[in-house]
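Only one structure is covered here, and it is reproduced in the block below.
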Number of protein chains: 2
Amino acid sequence: MNIGKAAQATGVSAKMIRYYEAQGLIRPADRTEGNYRDFSERDLNDLRFIRRARGLGFSIEEISRLLSLWRDDARPSREVKAMAQKHLEDLDARIREMREMADTLRHLAHCCAGDDRPDCPILSDLAGAPTGQEQRAD
Amino acid sequence: MNIGKAAQATGVSAKMIRYYEAQGLIRPADRTEGNYRDFSERDLNDLRFIRRARGLGFSIEEISRLLSLWRDDARPSREVKAMAQKHLEDLDARIREMREMADTLRHLAHCCAGDDRPDCPILSDLAGAPTGQEQRAD
DNA sequence: GCTAAACCTTCCCATCAAGGGAAGGTCAAC
DNA sequence: GTTGACCTTCCCTTGATGGGAAGGTTTAGC
């Protein structure tokens, strides 16, 4: 199966398949006489695994490790769980940060008249005016 | 005030100050005889504005527009509010995505024994096994 | 069996906001 | 007047992804 069909079958773009190969995430695909990549069913399964792991926000490096664990029949599930929990902490931290941004912004936008006049609490906040809502150093 | 002092005074690194200047976000700073950048109080205020706007997640391009509005005494606050709301939508969308990832991952990690045995619902999910929790195409 | 289109290959470039580091010029303290 | 701390510009790297060029291969139509 050539790269275009493999891309269609897995939902991973041809570009990204080549990139994953270059990064050593997947083994180099077989080649046809004409030097076209030739993907096996197993290759497709790896690509689908990668697509799902990307969908959960794992980095290429983390996915590389997850693939090794997946292929290792003697893996301790402890290791997989530890990776998941570490990634979960990262996600939660980033969500928290973004929620703080969003909450601040929501408050400021709510306080802004949004009309023809220039007075704007959003700009006042960015300019450093105290509002009772700015982030304090804890 | 030279770039090091300006960086300290504003919380924006010297690297980033030069970058913002190169990107046209701030006007080119004055120069001393020795070709050092020389920042005025007004420059510092611009840098602080940028730092706060970055803290709310605005992109360089958006900040460029916000700075123009800030400097324009005749701005309609409507424009600022519209920018804030657009950015807020982006933030909320990204938060939603990440929360879906985190929730899925939390469930999978919760279901994983995390011991010496190889059985692992996290890997099973990534490998495509149905779990009742995977994301469906709506 | 030829031709054109569709596909593949590699290689380089861009994104975005930041940092690293080299080579060389300037300034300040002692 | 030397030394060390600072500044300057320039280029490279990050991470995951896409764009596009130049050129080779395969396939479908005739």
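In what follows, every chain begins at residue 1, and chains take the letters A, B, ... in the order their sequences are listed.
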Ignoring backbone atoms, test whether [X] places a side-chain nitrogen or oxygen under 4.0 Å from the OP1 or OP2 oxygen of [N].
X	N	result
A:R37	C:dT10	yes
A:N2	C:dC8	yes
B:R31	D:dT9	yes
A:T32	D:dT25	no

What nucleic acid atoms does B:F58 come within less than 4.0 Å of, heavy atoms only: base, sugar-phosphate, or nothing?
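Result for B:F58 = nothing.
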Rounded interatomic separation in angstrom, taking [atom1] from [X] and [atom2] from [N]:
X	N	atom1	atom2	value
A:M1	D:dT26	CE	P	17 Å
A:M16	C:dC8	CE	P	17 Å
B:K5	C:dC27	NZ	P	14 Å
A:I3	D:dT26	CD1	P	15 Å
A:R18	D:dG20	CZ	C1'	12 Å
B:E33	C:dG25	CD	P	18 Å
B:Q23	C:dT15	CD	C1'	12 Å
A:I17	D:dA16	CD1	P	17 Å

Does A:Y19 get its side chain close enough to the base of D:dG15, under 3.5 Å, for a donor-acceptor pair?
no
Kindly say whether, by distance alone, the side chain of B:Y36 makes a donor-acceptor pair under 3.5 Å with the base of C:dC27?
no
Qualifying residue for side-chain contact (heavy atoms from CB on, under 4.5 Å) with B:I50, from B:I60, B:I63, B:V12, B:T10:
B:I63
Under a 4.5 Å side-chain heavy-atom rule over Ile, Leu, Val, Met, Phe, Trp and Tyr, are B:L67 and A:L105 clustered together?
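Linked, B:L67 and A:L105 end up in one cluster.
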For A:R54 and for B:G4, locate the closest nucleotide of DNA chain D by heavy-atom distance; then report the residue assigned to the nucleotide nearer the 5' terminus.
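Nearest nucleotide further toward 5': that of B:G4.
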Please tell me whether B:N45 and B:R42 have a donor and an acceptor in their side chains that are separated by less than 3.5 angstrom.
no
Would A:D115 and B:S77 count as having a side-chain donor-acceptor pair, cut-off 3.5 Å?
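Side-chain D/A pair, A:D115 to B:S77: present.
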Taking atom CZ of B:R117 as the centre, report whether more than 12 heavy atoms of other residues, nucleotides or ligands fall under 6.0 Å from it.
no
With nearest nucleotide decided by heavy atoms, which residue, B:I60 or B:K15, maps closer to the 5′ end of DNA chain C?
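Nearer the 5' end of the strand: B:I60.
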